[in-house]
Amino acid sequence: MIKTSVIIPMYNIEDYIGETLESVFLQTQKEIEIIVVDDGSTDGSLEIVKNYQKEHDNLIIVCQENKKLGAARNAGMDIAKGECIYFLDADDLIEKNTLEVLYDKVKKNNLDFVTFDAAIFDGTAKDEENYKFYDRSQIGINVNNVYKGFDFWNQFYGDRSPMVTAWSSYFNRDFLERYAFRFQENLFHEDTEFTIKLYLKAERMMYVPNKFYKRRMRQGSIVKSKIGFYHVKGILINIKLIFSYLKEDNHSPNEKKAFLRHWEMLIRKAAVIWISLRGEEREELDVIINDILKELTEEDFFWEILHKQLYQDIKELLNKILQDNYSTEKVHVLDKKLDNWYDNNIEFFQGGYPRSYLEALKNKDGVILYGAGKIGRYMADQFQLKYWENIIGFAVSDMSSQEETVRGLHVYSIEDLLEYREKANVFITTTPKFHDEIIKNLKEKGFQNIYPIEWEKLLESIWI
């Protein structure tokens, strides 16, 4: 009986594959098969594994043309015979009791999978900081609890980076086959969609607070590789697939917040690295982009989950795409719908200010910013992109020590602006302790439309 199938995808890793295999051969669990899937290596990796195979009859080699990590893992799953499956990267290591402990945990508790922690080695201090989320022992997980995957994700990944890695979990093979789990092929970030689906489907899972996995930080690995086309392609495909999974899941949007937060992070990442692509690479992503935009535009689920941060993230991605006049039609359709949504939900963006404040900025008869200090300058900075033509300038009570212009706007004594008192809208951009005095003064001078601004609310607001 084979208890565990260890699947090791391999590509040009001759310096490390031997050490990785040794960590598996040393396992205290002996009822294992080791499936090395050579993904078209061009160095000496395959010969090294073949030499090991002469001494270990439980070592199986599968060779395929280069299709990347996901395809290699799938090829391993296709022939795996173990009761449980574990995915190990070809340059990393596992502690010698890893498989035995995890197998016993799965079998004794009838689990779909068990997840555990990791530690990095051969890294820098920055690496240690970036990957401290590999240790989940201090975030309150009850190691004796059996969780639903959905509940585990929502409870423990709300405010921290999730472990979206195949190697950080040990799987009951029946669970993987029941839902026909497969990795995306020919792209990076193949773990992400797989992991989201894993947590959405699992009925029984547990956590073991051991750092069983030892992850090597080496130059040339995927995690250290230069950001480029396959990274963006992988992220975009994940955006589309994860959206579909979350849409089909029967929990409420509010219950799916932690999953949605990770999905939104992928949108932000796509916006950031879009500029790294060349023109022909962007054109190659045209179908994926259009599929994503079409689904977001037409699906009610998107409008149910849309909120302030997601609106900003989507707009940022669309703006990056529009800079190159790329996928113009689809971008403009969604962009227009987002603008309509913004208009209908403006209170979300104004830190609690009512719609009347936004309408006041659109006043063609003039907008006056009363106060040229920190609050007034912040308001002016926001208006550089919209409603700028409506602003008459700054107004102050005392011109004796005041600059003539601030942020490109002329500064006036309030006495010089009396001609606007019936039509202009005055935004009071001073500290709140002066608001009552200024409002009284303005009313005495005949100004009728007055809108006080508070600094805290302003910082939370998006007015443009």
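Small disclaimer: the values here were computed from a predicted structure and weren't measured. Start at 1 with the first residue, then count along the sequence.
The shortest non-hydrogen separation linking V143 to M206 is O-CE, 3.4 Å. Nearest heavy-atom pair across H435 and T431 is CD2-O, 3.4 Å. When every heavy atom of K320 is checked against every heavy atom of A271, the shortest pair comes out as NZ-O, 3.0 Å. Residues R73 and P9 approach most closely at CG-CG, 3.6 Å, considering heavy atoms.
Partners of W263 under the ring pair (Phe, Tyr, Trp, His ring centres under 6.0 Å) rule, at least two apart in sequence or in another chain, are F243. Here F259 pairs with F150, W153 under the ring pair (Phe, Tyr, Trp, His ring centres under 6.0 Å) rule; sequence neighbours left out.
In the displayed structure, E404 atom CD is contacted under 6.0 Å by at most 12 heavy atoms of other residues, nucleotides or ligands. Crowding of K362 atom NZ: a count of heavy atoms from other residues, nucleotides or ligands under 6.0 Å exceeding 12. By the 6.0 Å contact criterion, NZ on K256 is enclosed, its count of non-hydrogen atoms from other residues, nucleotides or ligands being greater than 12. Environment of CD in E280: crowded, with over 12 heavy atoms of neighbouring residues, nucleotides or ligands closer than 6.0 Å. Atom NZ of K423 sits in a sparse spot, with 12 or fewer heavy atoms from other residues, nucleotides or ligands closer than 6.0 Å. By the neighbour-count criterion of 12 heavy atoms within 6.0 Å, atom CD of Q448 is densely surrounded, having more than that number from other residues, nucleotides or ligands. Within a 6.0 Å sphere centred on CD of E304, heavy atoms belonging to other residues, nucleotides or ligands number more than 12.
Using a 4.0 Å cut-off between charged side-chain N and carboxylate O, D89 and K214 make no salt bridge. Using a 4.0 Å cut-off between a side-chain N of Lys or Arg and a carboxylate O of Asp or Glu, K247 and D300 do not qualify as a salt bridge. Between D122 and R216, at least one side-chain nitrogen of the basic residue sits less than 4.0 Å from a carboxylate oxygen of the acidic one, meeting the salt-bridge criterion. A salt bridge between K148 and E255 is absent, with no side-chain N of the basic residue lying under 4.0 Å from a carboxylate O of the acidic one.
The CG atom of L293 lies 11.5 Å from the NE2 atom of H332; values are rounded to the nearest 0.5 Å. Considering NE2 of H231 and CG of L277, their distance stands at 11.5 Å, rounded to 0.5 Å. To the nearest 0.5 Å, atoms CG (N12) and CG (N66) are separated by 8.5 Å. The OG1 atom of T297 sits 6.5 Å away from atom CH2 of W303, with the distance rounded to the nearest 0.5 Å. Between the CD1 atom in I242 and the OG1 atom in T192 there is a gap of 6.0 Å [rounded to 0.5 Å]. The line from NZ of K105 to CG of N210 is 9.0 Å long, rounded to the nearest 0.5 Å.
For the pairing with Y157, the side-chain hydrogen bond (donor to acceptor under 3.5 Å, both in side chains) check across H262, R261, R136 returns one residue only, R136. When N363, D365, N425, L442 are each tested for a side-chain contact (heavy atoms from CB on, under 4.5 Å) with N449, only one passes: N425. A side-chain contact (heavy atoms from CB on, under 4.5 Å) with I267 holds for exactly one of I292, V272, I239; it is I239.
Relative ring orientation between Y213 and Y86 is described as perpendicular, the plane-to-plane angle rising above 60° on a 0-90° scale split at 30° and 60°. Y147 and F156 have perpendicular rings, their planes meeting at more than 60° on a 0 to 90° scale where under 30° would count as parallel.
Side-chain N/O atoms of S397 and Y370 include a donor and acceptor closer than 3.5 Å. The closest side-chain donor-acceptor pair between T165 and R215, if any, does not fall under 3.5 angstrom. D398 and S400 share a donor-acceptor pair across their side chains, judged by distance under 3.5 Å alone.
Counting heavy atoms from C-beta on, the side chains of F447 and I414 come closer than 4.5 Å. Taking the side chain as every heavy atom from C-beta outward, L317 and I321 approach each other to under 4.5 Å.
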Can you list the steps and then say if L418 with K445 is a side-chain contact (heavy atoms from CB on, under 4.5 Å)?
CA-CA 7 Å; L418 296 181; K445 295 182 184 304; 4.0 Å; yes
Stepwise ring-ring contact (aromatic ring centres under 6.0 Å, His included) check, Y412 with Y420
CA-CA 12 Å; Y412 301 91; Y420 297 102; 8.0 Å; no
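Stacking of K197 on the aromatic ring of F181 is recorded, both the 6.0 Å distance cut-off and the 45° axial limit being met.
A donor-acceptor distance shorter than 3.5 angstrom exists from the side chain of Y207 to the backbone of S137, with no hydrogens or angles considered.
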